[in-house]
Amino acid sequence: MADASKTLEQWENQEYKYGFVTDIQADSAPPGLNEDTVRFISAKKKEPPFMLEWRLRAFRHWKTMTEPTWANINYPPINYQDIIYYSSPIKDEDRPKSLDDVDPKLLETYEKLGIPLHERAALAGVAVDAVFDSVSVATTYKDKLGEMGIIFCPFSEAVHEHPELIQKYLGSIVPYTDNFFATLNSAVFSDGSFVYIPKGVRCPMELSTYFRINAQSTGQFERTLIIADEGAHVSYLEGCTAPMRDENQLHAAVVELVAHKDATIKYSTIQNWYPGDENGVGGIYNFVTKRGKCHENARISWTQVETGSSITWKYPSVILQGDNSVGEFYSVALTNRCQQADTGTKMIHIGKNTKSTIISKGISAGRGQNTYRGGVRINKGAANARNYTQCDSMLIGEDCGAHTFPYIEVKNSTAHMEHEASTSKIGEDQLFYCNQRGINLEDAVSMIVNGFCKEVFRELPMEFAVEAQKLLEVSLEGSVG
Amino acid sequence: MAMLEIRNLHARVEDTEILRGINLTVNAGEVHSIMGPNGSGKSTLAQVLAGKDTYEVTEGEVLYNGKDLLDMEPNERACEGVFLAFQYPVEIPGVSTNYFLKAAVNAKRKHHGQEELDAVDFLELVKEKAALVELDSKLLSRSVNEGFSGGEKKRNEIFQMCVLDPTLAILDETDSGLDIDALKTVAHGVNCMRSPERAMVVVTHYQRLLDYIVPDFVHVLREGRIVKSGGKELALELEAKGYAWVEEGNATPVATS
């Protein structure tokens, strides 16, 4: 009897342990996070063993970590065992059949943002074949890029098609031990983008503009890896201005950039995840780790416009490893309603004659809280390093806040450091001046705010810049008057 | 019908009453000068007419072309043709003067159901008006008033007035901070704008400006009331005798005309 119960227990455990195998046809993993969840995700994606091993190492490390609390943000504790870590893409039959089935409020916002009609349907999640064939558009460009040796594909596809590149570069910039959220991402990441630009090739188009419709499938744990080989150039656009709704509240993305000798990577982001309602309920928590490494003479430029999410925790950084390399960070972060943003950058100067520029514009309205957190480190060997930091905050209304935490660490006396900071309130006087010229209040606010952000917007690719301006306008609606 | 009819206007900031019963009638084609010592309420009157909400109107009424001016939003007043040349023009970083002014011109055109000006027509208009006040057209591509000298800011105000072509122009101490050459240029701009359809209210502390912009009427403001009104010779008399002269009992309350 004792033996029988023992056997039964073993059998039960076994069933539990391998449960994921029999469940492989399921659309979603059950809520919760354990090694099986990680195995389930890896199996779903039919990943090679090296990927599973990597994920498992990350997961085991994650279990030893605690959630960081140093950021200037407040949110109720996240129960990581309540979250569903994998679910298949929505089936076409569950999608709205046409724009008539879509929330009119959402459509109204698309209208305000001036999003082309044919993109609206796709953004709203209408079954693609019912709208237009976006796939063929995407394929056309993919072929063209392929001829130049450029690889641009979903991350999961790259794992199968280019495992040698993945093995070489995955985690090389953001190791799986990096930080709580990056480690979590390493264990459970769903998908993302992979880009490889071969030696000396200048990518002929902004990547992802034509593909942004597909962005909705990237999900909550996105992983992006971009490699520009020697002398290569690429400009990558992430996100779009359309408000992105998502059932998943927790987002933890990782982006790694590798710029080899003489290469340039320009990475532009517009982040407009759901910010929650008037009281911040239901908004996305966005914990992002973005980092790039510059080899000799390379340049990495981050430009971000952050207007969405209820919590933004994000510090796109550059490791200036090679001599004469250049790092740039241009940021506009807007918090309205109850949004909280703690964002900035880190510039790590290692090589000689390395240069970094930081321009940060924080706008707080409503009850929004906006924090700039930046670190500039000049290592001992970084002779003649230069940094210029400009950090401006604008307050709209009485109940919002702006905070600045710049960290500067200089270990080489030849460094040139400049830091400028300002905080201004959107002036009653400025608004009245505009009004007196006939410009109404909302137009005046958007004009003043866009003027404030100009230095960042001019770093954005043209089309993105126009969208970003409109986005600010819409995001600020009702913040004054 | 008078263009502007101010009746028993009272206004305050918090607990301080600044305007204590202003009565003034301005007809199309007229230039009125409001003079008075510091703190008499000259600038407050200008700002209340433009709709600055720091001031609370507690009594009285203002009719502009027969409409209740105080009932209109500041931008509505502007679109209806009220222009205020600011004593302290405001800087708007990152917004070019051209962009700003084009938005203003088109807001007004839209208000009147006219088509918006395109870039070419707008630039032509701007070029012509900038020449009128000798404003360096390079300033137009710079941010509004940012880094402008005091004189440039004032010229920019008059330049904007010329472009926006108001019906009622209120100039708030436009002469302050100007050297004599700049003053002449600004006055030239203003004089070019004089027309039978337009009225102007020129607020100034000194008589000096009135040598160049000759008013039809001069009013002396003291403690929130108009205490003396007259022709252009009143300004000269004030210059010779000082504001104390009005205070020494020569004040004659002016009846509503």
Side-chain angles (χ1 to χ4, degrees), chain A residues 305 330-332 334 359-363 390-398 420-460 465-466 468-470 472-473 476 480-481, chain B residues 46-55 72-97 99-112 116 142-146 153 156-157 159-161 163-166 168-170 172:
Chain A
V305 177
Y330 301 98
S331 169
V332 167
L334 182 147
I359 310 271
S360 162
K361 305 279 181 178
I363 301 148
Q390 185 190 329
C391 177
D392 299 321
S393 308
M394 178 179 268
L395 300 166
I396 303 174
E398 304 294 328
E420 286 179 31
S422 76
T423 303
S424 57
K425 236 182 126 186
I426 193 163
E428 292 290 320
D429 289 344
Q430 285 176 328
L431 290 175
F432 180 61
Y433 192 69
C434 295
N435 288 164
Q436 210 302 306
R437 298 300 184 253
I439 300 162
N440 69 38
L441 204 57
E442 282 199 342
D443 289 350
V445 169
S446 104
M447 183 186 279
I448 293 166
V449 170
N450 276 313
F452 176 73
C453 300
K454 199 176 190 179
E455 289 152 291
V456 174
F457 285 166
R458 70 170 170 227
E459 296 298 326
L460 287 171
V466 174
Q469 287 195 20
K470 279 192 211 144
L472 279 200
E473 240 164 72
L476 279 167
V480 174
Chain B
Q47 304 231 23
V48 167
L49 292 177
K52 176 91 174 165
D53 64 1
T54 322
Y55 305 98
M72 296 184 215
E73 293 295 328
N75 55 305
E76 231 180 307
R77 300 181 195 194
C79 288
E80 287 285 328
V82 177
F83 180 92
L84 173 65
F86 282 63
Q87 184 179 4
Y88 304 109
V90 179
E91 299 182 1
I92 309 176
V95 178
S96 78
T97 305
Y99 182 86
F100 173 76
L101 201 49
K102 188 161 178 246
V105 166
N106 283 331
K108 195 172 170 183
R109 292 181 70 91
K110 204 173 152 194
H111 180 82
H112 292 287
E116 296 195 355
R142 279 175 34 193
S143 297
V144 176
N145 290 322
E146 200 182 34
K153 284 182 182 175
N156 190 14
E157 292 296 290
F159 158 71
Q160 292 181 44
M161 176 178 87
V163 172
L164 290 168
D165 193 24
L168 172 65
I170 304 161
D172 190 4

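Below, all heavy atoms of this structure are taken into account, side chains as well, without hydrogens, waters or symmetry copies. Order of the sequence lines sets the chain letters (A, B, ...), proteins ahead of strands, with each chain counted from 1.
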Region of Y433(A) that comes under 4.5 Å of a non-hydrogen atom in chain B: both
Which portion of P166(B) sits near chain A, non-hydrogen atoms under 4.5 angstrom: neither
Closest non-hydrogen atom pair, Q160(B) against R437(A): OE1-NE, 2.6 Å
Over 12 foreign heavy atoms within 6.0 Å of OH, Y55(B): yes
Most contacts with chain A, counted as non-hydrogen pairs under 4.5 angstrom, among S96(B), P89(B), A78(B): A78(B)
Where G51(B) and F432(A) come nearest, the two heavy atoms and their spacing: C-CE1, 3.6 Å
Interatomic spacing from CZ in F452(A) to CD1 in I92(B) - rounded to 0.5 Å: 14.5 Å
Most contacts with chain A, counted as non-hydrogen pairs under 4.5 angstrom, among K52(B), K108(B), Q47(B), E91(B): K52(B)
Proximal component of V144(B), with respect to chain A [non-hydrogen, under 4.5 Å]: side chain
Interatomic spacing from OG1 in T54(B) to CG in D429(A) - rounded to 0.5 Å: 7.5 Å
Validation row: P93(B), E455(A) side chains within 4.5 angstrom (heavy atoms): no
CG-CG distance between N435(A) and D53(B), expressed to the nearest 0.5 angstrom: 9.0 Å
Spacing of CZ belonging to F83(B) relative to CD belonging to Q436(A), to within rounding of 0.5 Å: 6.5 Å
Minimal non-hydrogen separation, A107(B) against G438(A), with atom names: CB-O, 3.3 Å
Side chain, backbone, both or neither of C453(A) within contact of chain B (heavy atoms, under 4.5 Å): neither
Residue pair I439(A) / F100(B), side-chain heavy-atom distance below 4.5 Å: yes
